[in-house]
J.: 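To start, I am sharing the structure in question, which I have written as structure tokens.
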Amino acid sequence: MKKGSGRKRSFKLHKVYDVARLRAELEVIKDDVEHKLSFLLSSPHHGKTVPNGDPHTDVTPREDHVPPKLAESLLIAFTTGRHADHMVGDLNERFARDCKKFGRRHAVNEYWKDTLRSLLPQLLRTIARILKWAIVAAVKWYF
Amino acid sequence: MELTSLEQQLLLAVLGLHPNAYGVSIQDHIKERTGREPSTGSIYASLDRLAEKGFVKSRQGEITKERGGKRKLYFTITAPGQHALRQSLQAIHSLSQGLGLKGAAV
């Protein structure tokens, strides 16, 4: 009897531990979802379309202050210096300002333009380095 | 110590915007006055070089919502930076004197 009840108790404890762990994991997921939702809903005009007279720059404000993620990721991935964070911050600030002044379309164009202009010298340097090594390797292999 | 034209412009902008010189304000300042807009990447690369030479100092600034939680980085010009800038501008000035360039006064 004792053995059986001990086993039962340990089983119950195990279940309690599992439930507690699941609850903790659920809390983490809930916090994460709430954080992301609050970020998405942070725009004051969420869910409404604000007409500004120009069919090309009419924006849905939910996306108003969300800069192009691909450009941001490229900048973070290819910026070799220690200033990637500051550069992204500056671009985001300009993006928010351009959105208010000229509309989202113009702001996205400016963001991409600045990102590519910032990355181009680094990309060219990387390509040049790869080409240099490829030529050296080819010459060594040939002779 | 020689300075490139972008480095000269950056040092002048940092000096003119003191103590609020950071990426966006520097870019706007240069664009307003020269009509030329250096990219964010080239600004930071040049400022990095100037910091290595000891011509500018940087300090972390505040986080704002528009910046997506990223800090500003404020720059200030140092005494050696001011000295190098003065020498560089004087060199340009002495080179351009007496040339009789047409158009705006130098």
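When reading the values below, keep in mind they use all heavy atoms of this one structure, side chains included, and skip hydrogens, waters and symmetry mates. In what follows, chains carry the letters A, B, and so on, assigned in the order in which the sequence lines appear, proteins first and then strands, with residues in each chain numbered from 1.
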J.: Side chain from CB out, backbone as N, CA, C, O: work out which of these in His83(A) comes under 4.5 Å of a heavy atom of chain B, or both, or neither.
T.: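 Contact with chain B: side chain only.
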
J.: Given heavy-atom pairs under 4.5 angstrom as the criterion, report whether the side chain, backbone, both or neither of Glu37(B) touches chain A.
T.: both

J.: Walk me through whether Arg94(A) and Glu110(A) qualify under salt bridge (charged side-chain N to carboxylate O under 4.0 Å, His left out).
T.: CA-CA 9 Å; Arg94(A) 280 194 62 200; Glu110(A) 285 295 313; 3.8 Å; yes

J.: At a heavy-atom separation under 4.5 Å, does Leu91(A) approach chain B through its side chain, its backbone, both, or neither?
T.: side chain

J.: Are any of the side-chain heavy atoms of Leu47(B) and Phe75(B) separated by less than 4.5 Å?
T.: yes

J.: So which residue, His86(A), Lys113(A), Arg82(A), ends up with the most heavy-atom pairs under 4.5 Å with chain B?
T.: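 Winner by heavy-atom pair count: His86(A).
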
J.: Side chains of residues 5-18 of chain B: which donor-acceptor partners sit under 3.5 Å, not counting sequence neighbours?
T.:
| unit_1 | atom_1 | unit_2 | atom_2 | d |
| --- | --- | --- | --- | --- |
| Glu7(B) | OE1 | Thr4(B) | N | 3.1 |
| Glu7(B) | OE2 | Arg49(B) | NE | 3.3 |
| Gln8(B) | NE2 | Ser88(B) | OG | 2.4 |
| Gln9(B) | OE1 | Arg36(B) | NH1 | 3.1 |

J.: Please tell me if the side chains of Asp114(A) and Asp90(A) come closer than 4.5 Å, counting only heavy atoms from C-beta onward.
T.: no

